[in-house]
Amino acid sequence: MSEELTVLFRQSVHHLFNAARQFSILSFLPFIAPLVFIFLLTGCGEKDTHKAAPPRPVRYVVIQTLSSLPVDVRTGEIRAHDETLLAFRLSGRMVSRLVDIGDHVHAGQVLATLENQTGTNELASASADVESAKAAEQVALLNLNRMQKLLPSGAIARTQLDTARADWQSAASRLKSSMAALRNAQDNLAWTKLTAPADGVITRVSVSAGQVVSAGQTVFTLATSEALDVVFDIADPQQLSAPDAKERVFQVALLSNPDVKTTGILRDISPQADPQTRTWQVRVALNDQPSMALGASATIEIPSSTLPGYRIPASALSRTGDKPAIFVIGNNGEAQLREVTLSGYSAASAFVSSGLHPGDKVITAGVTKLRDGEKIIPGERQS
């Protein structure tokens, strides 16, 4: 079988040789030219592949001096340092309201009243019960005294004296009960009048005359001191829960007139969030007493608890391992990856506390495509 294949191969070569003698080399030129052209292109492509890429121009910023972290500014309301919520102890319809917002009141002054017809009736009933109990107690006492005088002469039995003593004790107990009910009726009638517990200013009115109120429902808010607080809400209470939070100084200014300003210190943070807004209420006690009206809007600058740092654009941040890093332009024209420590953030900037020095040129764009040691040239400089 192998001999037959050898014979067939020889015959094929012989026929090809005869065909080549009959045609000139020019007949094969259309087939040879494309092969030569493709070979030349392939050679040129390999030559360009090994050619070094030119240095990349990069955008950068020059580090100047340390910058302070941005201050968080909130809007709050001026309120009294001590506020008292006033309410009736009884339920009923409020028939009169004698003060309004901004009125100065004195201790014991009547502020509002409820319907008192029911209270008056209860007081009259309790008074009648007391009179009846007094009469019954006096009769029982006279009877007891009479029995005690008759017992030595043997005119009555011992059991009659015991019965007289028990009747007197029962009458005396009923008198005490009636007098307690009278005092309750007097208190209930007095509670139909809402009085001021101390001198102060009415800062809020929650109920109007003719409205039915329940026991404990807030009717007035009374400011009982001249000291002022500014009250505002925050979404993260951890922002002010640092150990030195009580020592921080807050800058407070009127929203309508920023020239009226003062300082304050943290007073307290509400222990739980408001169920509707999901924010925590913060009160800052003002150190001075400027001309700030109750209820006025004010701005509060919340100082940062972190250290200042060098401000760089947020687009300059990169990473080395699991730590933040930035690219700087080296003296040899190469991009150098440098690990840094961050002290804070803002919406568009980052603050570096260590790893940078004044005069460093930080690359601010395209850092995701840079490699440590890559050749670069300074391009546009950012301010």
Exercise for the section: Give a yes or no on whether the backbone of Leu123 and the side-chain of Ser127 come within a donor-acceptor separation of less than 3.5 Å. Expected result: yes
Practice task
Work out which heavy atom in Arg93 is nearest to a heavy atom in Glu115; give both atom names and the distance.
Solution key: NH2-OE2, 2.7 Å
Handout entry: Whether Arg267 side chain and His81 backbone form a donor-acceptor pair below 3.5 Å
Key = yes
Exercise for the section: Over all heavy atoms of both residues, which pair between Phe88 and Val219 is shortest? Give the atoms and the distance, please. Expected result: CD1-CG2, 3.9 Å
Problem - Least distance between heavy atoms, Gln64 atom then Pro358 atom - result: O-CB, 3.2 Å
Problem - Asp82 side chain to Thr224 side chain, donor-acceptor N/O pair below 3.5 angstrom - result: no
Exercise for the section: Report yes if the side chains of Leu317 and Ile312 come closer than 4.5 Å at any heavy-atom pair, otherwise no. Expected result: yes
Practice task
Could you tell me whether Trp168 atom CH2 has more than 12 heavy atoms of other residues or ligands within 6.0 Å of it?
Solution key: no
Completion exercise
In this structure, CZ of Phe327 is separated from CG of Asp372 (nearest 0.5 Å) by 6.0 Å
Practice task
Return yes if some donor-acceptor pair links the side-chain N/O of Arg319 with the main-chain N/O of Asp322 below 3.5 Å, else return no.
Solution key: yes
Handout entry: Evaluation steps, side chain to side chain contact (heavy atoms under 4.5 Å, CB included), between Arg204 and Ile101
Key = CA-CA 6 Å; Arg204 184 172 302 173; Ile101 296 177; 5.6 Å; no
What donor-acceptor contacts under 3.5 angstrom involve side-chain atoms of residues 186-202, with partners at least two apart or in another chain?
{"residue": "Asn188", "atom": "ND2", "partner": "Asn184", "partner atom": "O", "Å": "3.3"}
{"residue": "Thr192", "atom": "OG1", "partner": "Leu189", "partner atom": "O", "Å": "2.5"}
{"residue": "Asp199", "atom": "OD1", "partner": "Ala107", "partner atom": "N", "Å": "2.8"}

Completion exercise
One should read off an interatomic distance between Leu151 CG and Arg158 CZ, to the nearest 0.5 angstrom, of 5.5 Å
Practice task
Tell me, with the steps shown, if Arg381 and Lys361 meet side chain to side chain contact (heavy atoms under 4.5 Å, CB included).
Solution key: CA-CA 9 Å; Arg381 174 177 174 177; Lys361 299 177 180 179; over 6 Å; no
Practice task
For the residue pair Leu342 and Phe351, establish whether any side-chain heavy-atom pair is separated by less than 4.5 Å.
Solution key: no
Exercise for the section: Taking Ser349 for its side chain and Arg311 for its backbone only, find out whether a donor-acceptor pair lies under 3.5 Å. Expected result: no
Practice task
Verify, without hydrogens or angle tests, whether Gln169 (side chain) and Ala166 (backbone) share a donor-acceptor contact under 3.5 angstrom.
Solution key: no
Practice task
Would you kindly say whether Thr113 and Ser96 are connected by a side-chain donor-acceptor distance under 3.5 Å?
Solution key: yes
Exercise for the section: Please name the pair of heavy atoms, one in Val252 and one in Ala298, separated by the smallest distance, quoted to 0.1 Å. Expected result: CG1-CB, 4.0 Å
Practice task
Just do the side chain to side chain contact (heavy atoms under 4.5 Å, CB included) check on Ile300 and Thr75 with the steps written out, would you?
Solution key: CA-CA 6 Å; Ile300 308 96; Thr75 302; 5.8 Å; no
Problem - Any donor-acceptor N/O pair, Ser170 side chain to Asp167 backbone, under 3.5 Å - result: no
Handout entry: Gln382 vs Thr364, side chain to side chain donor-acceptor pair (under 3.5 Å): CA-CA, chis, key distance, verdict
Key = CA-CA 9 Å; Gln382 291 182 262; Thr364 60; 2.3 Å; yes
Problem - Within-4.5 Å side-chain heavy-atom neighbours: Asn287 and Ile265 - result: yes
Practice task
May I ask you to test the Leu356-Arg338 pair for a side-chain heavy-atom distance under 4.5 Å?
Solution key: yes
Exercise for the section: Test Val282 against every option in Val230, Val231, Leu266 by the side chain to side chain contact (heavy atoms under 4.5 Å, CB included) rule and name the one that passes. Expected result: Leu266
Handout entry: Counterpart residues, salt bridge (charged side-chain N to carboxylate O under 4.0 Å, His left out), relative to Asp100 (two or more places apart)
Key = Arg97
Handout entry: Note: Arg79-Asp229 ion pair, threshold 4.0 Å (strictly below)
Key = no
Practice task
Please answer: with hydrophobic residues joined when any side-chain heavy atoms are less than 4.5 Å apart, are Met179 and Leu141 in the same cluster?
Solution key: no
Exercise for the section: Please confirm whether the backbone N or O of Gln281 pairs with a side-chain atom of Ser270, one donor and one acceptor, at under 3.5 Å? Expected result: yes
Handout entry: Nearest-0.5 Å distance, CG of residue Asn121 to CD of residue Gln117
Key = 5.0 Å
Exercise for the section: Considering non-hydrogen atoms only, spot the tightest contact between Leu175 and Lys134 and give its length. Expected result: CD1-CG, 3.3 Å
Problem - ILVMFWY cluster, Val207 and Val110 together (side-chain gap under 4.5 Å) - result: no
Completion exercise
Separation between OG (Ser173) and CD (Glu137), nearest 0.5 Å, reads 10.0 Å
Problem - Linked, directly or transitively: Val99 and Leu294 (ILVMFWY side chains, under 4.5 Å) - result: no
Exercise for the section: Side-chain contact test, heavy atoms from C-beta onward, threshold under 4.5 Å: evaluate it for Arg74 versus Ile302 and give yes or no. Expected result: yes
Handout entry: Heavy atoms from other residues, nucleotides or ligands near CD of Gln109 exceed 12 (cutoff 6.0 Å)
Key = yes
Problem - Shared hydrophobic cluster, Phe250 / Val260 (ILVMFWY, side-chain heavy atoms < 4.5 Å) - result: yes
Handout entry: Closest contact, heavy atoms only, Leu111 versus Phe220
Key = CB-CE1, 3.7 Å
Problem - Main-chain N/O of Leu142 paired with Asn145 side-chain donor or acceptor, under 3.5 Å - result: no
Exercise for the section: State which residues pass salt bridge (charged side-chain N to carboxylate O under 4.0 Å, His left out) with Arg89; sequence neighbours excluded, sorted by chain then number. Expected result: none
Handout entry: Main-chain N/O of Ala157 paired with Gln160 side-chain donor or acceptor, under 3.5 Å
Key = yes
Handout entry: Check: Thr299 and Glu301 side chains under 4.5 Å, non-hydrogen atoms
Key = no
Practice task
Quick one: pull up OG in Ser318 and CD in Glu339 and give me the separation to the nearest 0.5 Å.
Solution key: 11.5 Å
Handout entry: Heavy-atom side-chain proximity of Asp233 to Asp274 below 4.5 angstrom
Key = no
Practice task
List the steps and the verdict of side chain to side chain contact (heavy atoms under 4.5 Å, CB included) for Thr262 and Met292.
Solution key: CA-CA 10 Å; Thr262 183; Met292 294 183 176; 4.0 Å; yes
Handout entry: NZ-CD distance between Lys375 and Glu334, expressed to the nearest 0.5 angstrom
Key = 4.5 Å
Exercise for the section: Determine whether Val105 and Met94 fall in the same hydrophobic cluster, where Ile, Leu, Val, Met, Phe, Trp and Tyr are linked whenever their side-chain heavy atoms lie under 4.5 Å apart. Expected result: yes
Handout entry: Side chain to side chain, Val58 and Glu380, heavy atoms closer than 4.5 Å
Key = no
Handout entry: Sidechain-backbone polar pair: Glu374 side chain, Arg371 backbone, donor-acceptor under 3.5 Å
Key = yes
